[in-house]
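Only a predicted model underlies this, so the values are computations on that prediction, with no experimental measurement involved.
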Amino acid sequence: MTNISKNLVIRAMQENDWESVAQIYQEGMDTDMATFETQVPSWDKWDSGHLKICRFVVEQDHKVIAWAALSPVSTRAVYAGVAELSIYVATESKGKGIGSFLMSRVIEESERVGIWTLQSSIFSENTTSIHLHQKSGFRIVGYREKIAQRNGIWRNTHILERRSTREF
C-alpha cells in the first residue's frame, strides 16, 4: 500500500472493489473516448481477461476513485513481458494528478514483476490520456485509422508503448 497524501492511497485491487471499479469503467464508456466496449462486463469476465498482477485502485477517504490493470497481449510465452494497460480515473477526480500517481505505481510494479513493455490503444480524441501516457514515458508507435466502430461510428486509435529501461 502506498500513501500519496493523508487521504489518498494506492493499493491492490480486490474483487470486492468491482462495484466501484465498474462504475468508473462505465463513466469512461459514457464519454465515448475510453473503450470500444459498450457494456461493463461481469467481474468473472473482466477478471479472466486481465493479469492477476499489477491491479491497483486509488482510494480517497476510503472511496475508490481510480483503477488500473494489465491485460496480456498474447498467450505466446515470448510475449510474457508485454502487457496492455487500462487506466481509469473517476470523472469527479480528473485533473488532480491521480492518473500520474497511479501510472507511476503501475510502471514500478510491472517492471518489478518482469513486464518490459507496456502498451495502450487510445482513441485519437482522448488527448488527456495520450498526454498522461507520454509524460509517463510512453511514445506513439502507431496509428490505426477506422480500426473499429463504436456506436456506429468508425474510430481511430493511437498505439502507445513504454519500453522499460531496466535489464531483463
> Where do M103 and L132 land on the side chain to side chain contact (heavy atoms under 4.5 Å, CB included) test, with the steps shown first?
Replying inline: CA-CA 8 Å; M103 180 76 82; L132 168 65; 4.0 Å; yes
> Is the side chain of R11 donor-acceptor paired with the backbone N or O of V58 at a distance under 3.5 Å, no angle test?
Replying inline: no
> Between the side chains of S20 and K63, does any donor sit under 3.5 Å from an acceptor?
Replying inline: no
> Short question: side chain of N7, backbone of Q60 - any donor-acceptor pair under 3.5 Å?
Replying inline: no
> Once you round to the nearest 0.5 Å, how far does CG of L102 lie from CG of L85?
Replying inline: 8.0 Å
>> Quick test of your reading of the model: are R105 and E109 salt-bridged, counting only N-O distances below 4.0 Å?
In response: yes
> What do you reckon, are the aromatic ring centroids of W46 and Y25 less than 6.0 Å apart?
Replying inline: no
> Is a side-chain N or O of S129 found less than 3.5 angstrom from the main chain of N126, in a donor-acceptor match?
Replying inline: no
> Is there a side-chain contact between Y143 and T157, using heavy atoms and a 4.5 Å cut-off?
Replying inline: no
> Taking atom CZ of F138 and atom NE2 of H133, what is their separation to the nearest 0.5 Å?
Replying inline: 4.5 Å
> In terms of side-chain geometry, is the basic nitrogen of R162 or E111 positioned less than 4.0 Å from the acidic oxygen of its partner?
Replying inline: yes
>> Regarding D32 and R155, does a basic nitrogen lie under 4.0 Å from an acidic carboxylate oxygen?
In response: no
> Between T117 and E161, is a side chain to side chain contact (heavy atoms under 4.5 Å, CB included) present by the stated rule, with each step listed?
Replying inline: CA-CA 7 Å; T117 299; E161 173 182 280; 3.5 Å; yes
> Would I10 and V57 count as a side chain to side chain contact (heavy atoms under 4.5 Å, CB included) if you check the C-alpha gap in whole Å, the side-chain angles of each, and the deciding distance to 0.1 Å?
Replying inline: CA-CA 6 Å; I10 296 177; V57 295; over 6 Å; no
> Side chains of N156 and R144: does their closest heavy-atom pair fall under 4.5 Å?
Replying inline: no
>> Do I87 and L160 land in one hydrophobic cluster if side-chain heavy atoms of ILVMFWY residues count as linked below 4.5 Å?
In response: yes
>> With a 3.5 Å distance limit and no angle check, can you tell me whether R150 reaches the backbone of M33 through a side-chain donor-acceptor pair?
In response: no
> Say you draw a straight line from CD1 of I130 to CD1 of I140; how long is it, rounded to the nearest 0.5 Å?
Replying inline: 5.5 Å
